[in-house]
Asker: 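Have a look at this one before I ask anything.
Just so it is clear: chains get the letters A, B, ... in the order the sequence lines come, proteins before strands, and each one is counted from 1. Side chains are part of it too, since the values below use all heavy atoms of this structure and drop only hydrogens, waters and symmetry mates.
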There are 4 protein chains.
Amino acid sequence: MAIEFSSSESIYIQIADYISDKILLGEWTTDEKISSVRELAIELEVNPNTVNRSYEFLQHQEVIYTKRGLGFFVAPKGKENIKSYKRRQFFEKDLPGFYRNLLLLEIDILEIEAGFQQYKLLNKGSNK
Amino acid sequence: MAIEFSSSESIYIQIADYISDKILLGEWTTDEKISSVRELAIELEVNPNTVNRSYEFLQHQEVIYTKRGLGFFVAPKGKENIKSYKRRQFFEKDLPGFYRNLLLLEIDILEIEAGFQQYKLLNKGSNK
Amino acid sequence: MAIEFSSSESIYIQIADYISDKILLGEWTTDEKISSVRELAIELEVNPNTVNRSYEFLQHQEVIYTKRGLGFFVAPKGKENIKSYKRRQFFEKDLPGFYRNLLLLEIDILEIEAGFQQYKLLNKGSNK
Amino acid sequence: MAIEFSSSESIYIQIADYISDKILLGEWTTDEKISSVRELAIELEVNPNTVNRSYEFLQHQEVIYTKRGLGFFVAPKGKENIKSYKRRQFFEKDLPGFYRNLLLLEIDILEIEAGFQQYKLLNKGSNK
DNA sequence: GTGGTCTAGACCACC
DNA sequence: GTGGTCTAGACCACA
């Protein structure tokens, strides 16, 4: 199984993220066919309905689109859409809480920055 | 209503956070009585059961304790407990995803740092 | 059973329309609770999942919203939203084809108009 | 590509409509040969099987007929057949929903009529 | 083969 | 009680 599902978030969201990440990383590009529902369901050992739900979710965000009988494909601007969607989410939802935590928990932002440099080194080349 | 409940997280957790923050900010100190369940329920326009659940949750984390018939009070070391709990949560759960986002969404950490300086200025003294 | 499901369109869309119509007709107003998923499922003799899907669809269009553990409620501006959504659909998707048919099938628009006057008479007061 | 396939209806039906319209507009008349399956498939960038299905559908409605090895031809009474078929469809399926929408969305039928006059002017001679 | 829909039934967290 | 998610399995139309 390619994903370790964390318990806190729903599986279909995690799958959508998994697909989004592949698109963001350039593994799939515009108009390229992505894994079929059944294929991915088998690969991730989940029910096809669950994958279907993820794909519906991504389709709704105009990240992918469907051609009847053929499968799902990366939408034109799919990468941009997912990126702007996630950026909005990040700046509007994650960041305020993040700042709040830094302040309340008295964490030095320089420590965060140092941690990030390490993180970057660890993930060089490892994200295919 | 003092809290805008975000839809993604459960209400009782949001209420617990609300209380925790007040303690972290020093608004309530050790052995000081906090709002009664009923009071808070009215203030936040939620079911008393929900507030009760929040208090149970905080009690379990040894942030508050109860004196029968008198109400809930800030535990000795309450502030430390909540702080260490939140720090653990922050470093283990929030930070990895945060780093991942920075990388994937091509956000410069210096931008984050600059934003934080602003945030600190805005919240000097204003967070009651 | 309150709806005669037509075979051509998916059930969950028909249910969404059923709810939309009730809101458009003023049967439910802003912040009023609508039927619970299970209730409606029993009433319409369909699977709760199907009703759930309809509600998700409407929620996405900001016609209804959910309060955890309490149920679904008509959204502020829910009526406006559904109305503008349907009007857009009508003018952009239905009307062009309608005009095309009138022309190709050599149907007189006055005949359409006359039929509408009759239709209005028949439905006076009958739509509760 | 000559047709923008709308996602809601199946492609083979859309192709059948495309052919029907040409016949209704008098572009092809009785016993005239229509595009071959292969030609049309290339023109519309679809699978020949799909065009085949459209032709079968039209053949079933006695709008076209086939001569082995020669191709498909407009049937005698082909125009009349498609016209009566579409009229029935129009009055039985489209019109009731149309009326319902006018009422529910508070659209003035006079507005519809005015729009049609414009539509007629725009399409004088321009529909090839 | 593909996606799309629906059912039945289950379990969960939440209020 | 409420919605939210997931599984298993089925059937359909479509390419």
Asker: To the nearest Å, how far apart are B/Q14 CD and E/dC15 C1'?
Answerer: 14 Å

Asker: Take the protein atom CD of B/E45 and the nucleotide atom P of E/dC15, then report the distance between them rounded to whole Å.
Answerer: 15 Å

Asker: side-chain contact (heavy atoms from CB on, under 4.5 Å) with D/P48: which residues, sequence neighbours excluded?
Answerer: D/V37, D/A41

Asker: My understanding is that only residues two or more places apart in sequence, or in another chain, count here; which of them pass side-chain hydrogen bond (donor to acceptor under 3.5 Å, both in side chains) with D/R87?
Answerer: none

Asker: Can you tell me how far P of E/dG3 sits from CZ of A/F57, to the nearest Å?
Answerer: 19 Å

Asker: Go ahead and write out DNA chain F as dot-bracket, 5' to 3': ( ) for pairs within the strand, [ ] for ones crossing earlier pairs, | when the partner sits on another strand, dots for unpaired; Watson-Crick or G-U wobble, both distances under 3.5 Å.
Answerer: ||||||||||||||.

Asker: For the pair made of CZ in A/F72 and C1' in F/dA15, what is the distance, rounded to whole Å?
Answerer: 15 Å

Asker: With A/F90, which residues qualify under ring-ring contact (aromatic ring centres under 6.0 Å, His included), at least two apart?
Answerer: B/F98

Asker: Expressed as a whole number of angstroms, how long is the span from C/I15:CD1 to E/dT5:P?
Answerer: 13 Å

Asker: Name all residues meeting the side-chain hydrogen bond (donor to acceptor under 3.5 Å, both in side chains) criterion together with A/D94; count only those two or more places apart in sequence or in a different chain, and write none if there are none.
Answerer: none

Asker: Reading nucleotides 9-14 of chain E 5' to 3', which nucleotides get B (base under 4.0 Å from a protein heavy atom), which S (sugar-phosphate only), which -?
Answerer: B----B

Asker: Without swapping roles, check the side chain of C/Q14 against the backbone of C/E9 for a donor-acceptor pair under 3.5 Å.
Answerer: yes

Asker: Under 4.0 Å between a side-chain N or O of A/T50 and OP1 or OP2 of F/dT7?
Answerer: yes

Asker: Checking A/Y85 now: which residues fulfil ring-ring contact (aromatic ring centres under 6.0 Å, His included) with it, not counting sequence neighbours?
Answerer: none

Asker: Which atom pairs, donor and acceptor, lie under 3.5 Å between side-chain atoms of residues 52-63 of chain B and protein residues at least two apart or in another chain?
Answerer:
| residue | atom | partner | partner atom | Å |
| --- | --- | --- | --- | --- |
| B/S54 | OG | B/Y12 | O | 2.9 |
| B/S54 | OG | B/T50 | O | 3.2 |
| B/Y55 | OH | B/S35 | O | 2.8 |

Asker: What residues, two or more places apart in sequence or in another chain, satisfy side-chain contact (heavy atoms from CB on, under 4.5 Å) together with C/D31?
Answerer: C/Y65, C/P76

Asker: Round to a whole Å and report the spacing from NZ of C/K33 to C1' of F/dG3.
Answerer: 10 Å

Asker: Quick check: on DNA chain F, is the nucleotide nearest A/V46 upstream (toward 5') of the one nearest C/K67, or the reverse? Name the residue that is more 5'.
Answerer: C/K67

